[in-house]
Amino acid sequence: MATRVRPGSKRCAVIGGSGFLGRHLVEKLLDRGYSVSLFDIRQSYELPGVTFHQGDLCDKQALLSALKDVSLVFHCASPAPSSDDRLLFERVNIQGTQTVIQACLDAGVQKLVLTSSASVVFEGTDVKNGKEDLPYAKKPIDYYTQTKIEQEKLVLEACNKPKGFLTVAIRPHGIFGPRDPQLVPTLVDAARRGKMKFIIGDGTNLVDFTYVENVVHGHILAAEHLRADSPICGKPYHITNDEPIRFWDFMSEVLVGLGYAAPRFHLPYTLVYGLALLLWLLTWILHPFMSFKPTFTPMRVALAGTYHYYSCERAKEHLGYKPVVSLKEGIARTVASYPHLRRGA
Ligand SMILES: NC(=O)C1=CN([C@@H]2O[C@H](COP(=O)(O)OP(=O)(O)OC[C@H]3O[C@@H](n4cnc5c(N)ncnc54)[C@H](OP(=O)(O)O)[C@@H]3O)[C@@H](O)[C@H]2O)C=CC1
Ligand SMILES: CC(C)CCC[C@@H](C)[C@H]1CC[C@H]2C3=C(CC[C@]12C)[C@@]1(C)CCC(=O)C[C@@H]1CC3
């Protein structure tokens, strides 16, 4: 076992720090006086105060050099859900997270903050104001979510006060903001291909979308409250904007803000879900001969047509969490950050 790093040291590591959330987290940590050891499979930027370590988190030796003299680790790396690659999710999110935990123990790290997902309790049916005591999904919506469940269990079970290793999991939902490679680009791509004319279901389903800076704020609060005498050790926390919005109103605000028309015509949920399932089956059967990625996957249809919003009361009570950017402001900042995705650009 390595020597423990001085508690209270402001040197931390961000695994997945080159990604969308990771980079916002790194930027805020620097603002708050931390120095950052960034570990990622790719380098996307350089900043003073950040030491970049390139490597795969399944490689313990590579991790160990990034964790030297670090007391606090944020683990926010994952393959993208859209990669739809079961073996990759298992290797990185499950085996890789075991490696991260072992490397933290070997390096004498004291605190590990995992970015989990509120979807670990979502089975494709309505969740209204879901609290952290909901059971994990027995039938998760996809392989990505299945491995996020296993990953969260591993990290929370690794919390060990006698060993001085404390863990906590943050469960954000529908993260959006500048530089997001997923939500806004997928939406705009669908709009440009004329696929955003329809509302799935009656359009009244409420959903959480969380501005990235609120997610970052939740992570830093969790790290700074993680002490042996605090109630947060080994627990998961929902972090949302605390402003559930109709899924289709959110999509419309982003689309209209970027100059596209809002969806108007309604289609029954079960019809679209059935079609998406059929399409998914067809792409699976045909995948040896052709590669085709449908826009409307069963997972996206379930997310677009059901209620899924979560209570962040526990985070408010234990972490003093309160969103720092409202949904309206978050949408305005996001829309302004994508001039290249505007209609006609
Ligand atoms: N975006 C969202 O709406 C939500 C995200 N989350 C969680 O938040 C976290 C961050 O997500 P987000 O920022 O959107 O994702 P990104 O894909 O933008 O960031 C993840 C980063 O991890 C890197 N990475 C992937 N595999 C490895 C590996 N084996 N070793 C080292 N680095 C690796 C990625 O590299 P590369 O790009 O090359 O794969 C990328 O730089 C994830 O854990 C995700 O599950 C939770 C809820 C909602
Ligand atoms: C084509 C449209 C019907 C939908 C376009 C937007 C979607 C790409 C996004 C709407 C909800 C998002 C979401 C995620 C990814 C992007 C969306 C499907 C996650 C699956 C990302 C990873 C998670 O942990 C959960 C997220 C839930 C919401």
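Each ligand, and each atom within it, is numbered from 1 in the order the structure gives. The first residue in the sequence is number 1, and the count goes up from there.
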Can we call the ring centroids of F209 and F250 under 6.0 Å apart?
-> yes

Side chain to side chain contact (heavy atoms under 4.5 Å, CB included), paired with C233, selected from N160, L156, L226, V168 = L226

So, are E152 and K148 salt-bridged, with charged N and O less than 4.0 Å apart?
-> no

Does a salt bridge link K235 with E317, judged by any charged N lying under 4.0 Å from a carboxylate O?
-> no

Between S44 and R23: side-chain donor-acceptor atoms closer than 3.5 Å | no

Are any of the side-chain nitrogens in R227 or D229 under 4.0 Å away from the carboxylate oxygens of its partner?
-> yes

Using a threshold of 4.0 angstrom between heavy atoms of the protein and any atom of ligand 1, which residues qualify?
-> G16, S18, G19, F20, L21, D40, I41, R42, G55, D56, L57, C76, A77, S78, V92, T115, S116, S117, Y144, K148, P172, G174, I175, Q182

Applying salt bridge (charged side-chain N to carboxylate O under 4.0 Å, His left out), name anything that partners E90, two or more places apart in sequence or on another chain.
-> R86

Salt bridge (charged side-chain N to carboxylate O under 4.0 Å, His left out) filter on D56, not counting sequence neighbours, yields R91

Extract all N/O-N/O pairs under 3.5 Å that connect ligand 2 to the protein, and present each with both atom names and the distance rounded to 0.1 Å.
residue, atom, partner, partner atom, Å
ligand 2, 24 (O), S117, OG, 2.8
ligand 2, 24 (O), Y144, OH, 2.8

Please name the residue in the list F122, Y309, Y310 that meets the ring-ring contact (aromatic ring centres under 6.0 Å, His included) test with H173.
-> Y310

